[in-house]
Undergrad: 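Starting off with a structure, shown below.
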2 protein chains.
Amino acid sequence: MTGILLNVHVVIFSLREDALHVLLAPAQGKNWQLPAAELKPDEPLEEAAARAFAGQVDSRLAHLEQLYTYGEPRRDPRGRLVSVVYFALVPSNAGQASGKLCWFRMDSLPPLAFDHTGIVTYALHRLRYKLEYSAVGFQLLPAEFTLSELQHTYEIILGERLDKRNFRRRILEAGIIEKTAGHRTGEGRPASLYRYRLDAVAEVKARRLFP
Amino acid sequence: MTGILLNVHVVIFSLREDALHVLLAPAQGKNWQLPAAELKPDEPLEEAAARAFAGQVDSRLAHLEQLYTYGEPRRDPRGRLVSVVYFALVPSNAGQASGKLCWFRMDSLPPLAFDHTGIVTYALHRLRYKLEYSAVGFQLLPAEFTLSELQHTYEIILGERLDKRNFRRRILEAGIIEKTAGHRTGEGRPASLYRYRLDAVAEVKARRLFP
DNA sequence: AGAATAGTGTCTCTCAGACATTATTTG
DNA sequence: CAAATAATGTCTGAGAGACACTATTCT
């Protein structure tokens, strides 16, 4: 291995104040970059990915999957760097950033170092795509949520309005959530709380939720 | 980089004698393994992947995409090895193997070294999945083909029979192939030849062909 | 009472899936 | 003319998408 470096980056998404956010670390100059970790000799890749933001975000990790491996020869001017990039979701009720990491709105990202802008864009593509055929959307919400909150989450990520009745019909017919006893009170009529049915994960992954 | 090795593996599929085949290289003992290449310091990952079977298969490369990066600490007993695995398709009219590489039927693979059996299984999943929503199927055929040959390709990969009329309707309505002047004569009525419409690639990738 | 949000049903149109017969060539 | 393969159309059922009003709570 003549001078080829390997590391792990993570694109971490969360919903904050009605907008999709990404967690970034300060880089050279005024730039920012994706949180990274060196791979330890005896550590699985996923663990290195989790380490990239461990202790910086007070949240259990809701979702972590490999995104892509970037290895263009000149992507980092400091040397040949191959990065295995992971993609993570953090529920919106957690994820207060501490340390040097900061949340940025996806629709107004700061300048990013190296090829990180392209990586974040691709991660958003993946998130939108997976939203349509799997149950990742729930990973951005707390354990209990209302149907309006769920719809709102989908709308923010997809960037488009969805029909309330059609949304509810499809989500409920898919059988992946169930009503709990609780209600959320607020400004108008209180809303029923729902929870994600863990036993439904497997079957949902097979079929598209939104075709 | 304390003792972490990085290389590139390739899962190469082709259709031969009415069955899906994978290209393998001899390994320790009676085992076989996926063709591999060391990453050169100034070489893109794709190029290393292509190098893993360059000169061994007399064919232009029809399709090459990154599959996944495997990096479990104990996957290779000789040391910590991270492998970026690619996935390739070779048209059935080309791809005569030479050198040490051999084609094996997917339904009767020899014992594979390390975690390569799992990798090949995952690659087949990906191939089947992509067949349903993109145009990769055409990459396994020569430039001109009959609709029966195309359907046959789909049936072999998906492992199930398809209805002839429904298949033709969907393929033709998708507008991704066009009739050429030629015909293929053989035992029965001669069949019209079709070719893949290059300008259709982009739009097809967006929508599922087989839902 | 008014403002705010939750919750609910129908119709239409497109498309997937099942299904059988005729057409053209070769030996 | 027999065998082989190519080519073609219809019906039905499921599901996506468009669409508007009633219900419940809070102030």
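Naming: A, B, ... by sequence-line order, numbering from 1 per chain. Quick caveat: nothing in here was measured; it's all calculated off a predicted structure.
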Undergrad: Measure CD/Glu149(B) against P/dT5(D) and give the value in whole Å, please.
TA: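 My rounded result for the distance is 13 Å.
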Undergrad: Hey, does the side chain of Arg170(B) come within less than 4.0 Å of dG17(C)'s phosphate (OP1/OP2), counting only N and O?
TA: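 Result: yes.
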Undergrad: Quick one: do Leu20(A) and Leu127(A) satisfy side chain to side chain contact (heavy atoms under 4.5 Å, CB included)? Show the steps, please.
TA: CA-CA 11 Å; Leu20(A) 190 63; Leu127(A) 174 60; 3.9 Å; yes
Undergrad: Pick the nucleotide of DNA chain C nearest each of Gly188(B) and Lys179(A); which residue has the one closer to the 5' end?
TA: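 Going by which nucleotide is closer to the 5' end, it is Lys179(A).
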Undergrad: Which of these passes ring-ring contact (aromatic ring centres under 6.0 Å, His included) with Phe145(B): Phe138(B), Tyr154(B), Tyr196(B), Tyr194(B)?
TA: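 Testing each of Phe138(B), Tyr154(B), Tyr196(B), Tyr194(B) against Phe145(B), the sole residue satisfying ring-ring contact (aromatic ring centres under 6.0 Å, His included) is Phe138(B).
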Undergrad: When the distance from CD of Glu132(B) to P of dA16(C) is rounded to whole Å, what number comes out?
TA: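 The answer, rounded to whole Å, is 13 Å.
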Undergrad: With a 4.0 Å cut-off on heavy atoms, is Thr185(B) in touch with a base, just the backbone sugar-phosphate, or nothing at all?
TA: nothing
Undergrad: Would you indicate which nucleotide in dT8(D), dT25(D), dA6(C) comes nearest to any side-chain atom of Pro190(A)?
TA: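 Selected nucleotide: dT25(D).
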Undergrad: So, taking the atom named CH2 in Trp32(A) and the one named NE2 in His116(A), what distance separates them when rounded to the nearest 0.5 Å?
TA: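 Atom-to-atom, Trp32(A):CH2 and His116(A):NE2 are 14.0 Å apart.
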Undergrad: Select base, sugar-phosphate, or nothing to describe what Ser192(B) touches, counting heavy atoms under 4.0 Å on all strands.
TA: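 The answer is sugar-phosphate, as Ser192(B) gets under 4.0 Å only of primed atoms, P, OP1 or OP2.
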Undergrad: May I have the distance from Phe167(A) (atom CZ) to dA18(D) (atom P), rounded to whole angstrom?
TA: 16 Å
Undergrad: Rounded to the nearest angstrom, tell me the gap between atom CZ in Arg189(A) and atom P in dG7(C).
TA: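 Going from Arg189(A) (CZ) to dG7(C) (P), I get 6 Å.
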Undergrad: Any side-chain N or O of Arg165(A) under 4.0 Å from OP1/OP2 of dC19(D)?
TA: no
Undergrad: Choosing from dC19(C), dA7(D), dA4(C), which nucleotide comes nearest the side chain of Glu187(A)?
TA: dA4(C)
Undergrad: Taking only side-chain N and O atoms of Ser148(B), does any of them lie within less than 4.0 angstrom of OP1 or OP2 on dA6(D)?
TA: yes
Undergrad: Would you say the side chain of Arg51(A) lies within less than 4.5 Å of the side chain of Val8(A), judging by non-hydrogen atoms?
TA: no
Undergrad: In whole Å, what is the span from the CD atom of Glu173(A) to the C1' atom of dT8(C)?
TA: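 In whole Å, dT8(C) C1' and Glu173(A) CD are 13 Å from each other.
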Undergrad: Could you tell me the separation between the CZ atom of Arg168(B) and the P atom of dT21(C), rounded to a whole number of Å?
TA: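 In whole Å, dT21(C) P and Arg168(B) CZ are 18 Å from each other.
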Undergrad: Lys164(A) has an atom NZ; how far is it from atom P of dT5(C), in whole Å?
TA: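 The answer, rounded to whole Å, is 10 Å.
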Undergrad: Distance check needed: dT5(C) C1' versus Gln151(A) CD, whole Å only.
TA: 12 Å
Undergrad: Kindly indicate, with the supporting measurements, whether the criterion side chain to side chain contact (heavy atoms under 4.5 Å, CB included) is fulfilled by Val10(B) and Leu34(B).
TA: CA-CA 6 Å; Val10(B) 201; Leu34(B) 294 170; over 6 Å; no
Undergrad: Where each residue is assigned the nucleotide of DNA chain D containing its nearest heavy atom, which of Leu147(B) and Arg169(B) is assigned the position nearer the 5′ end?
TA: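 Nearer the 5' end of the strand: Leu147(B).
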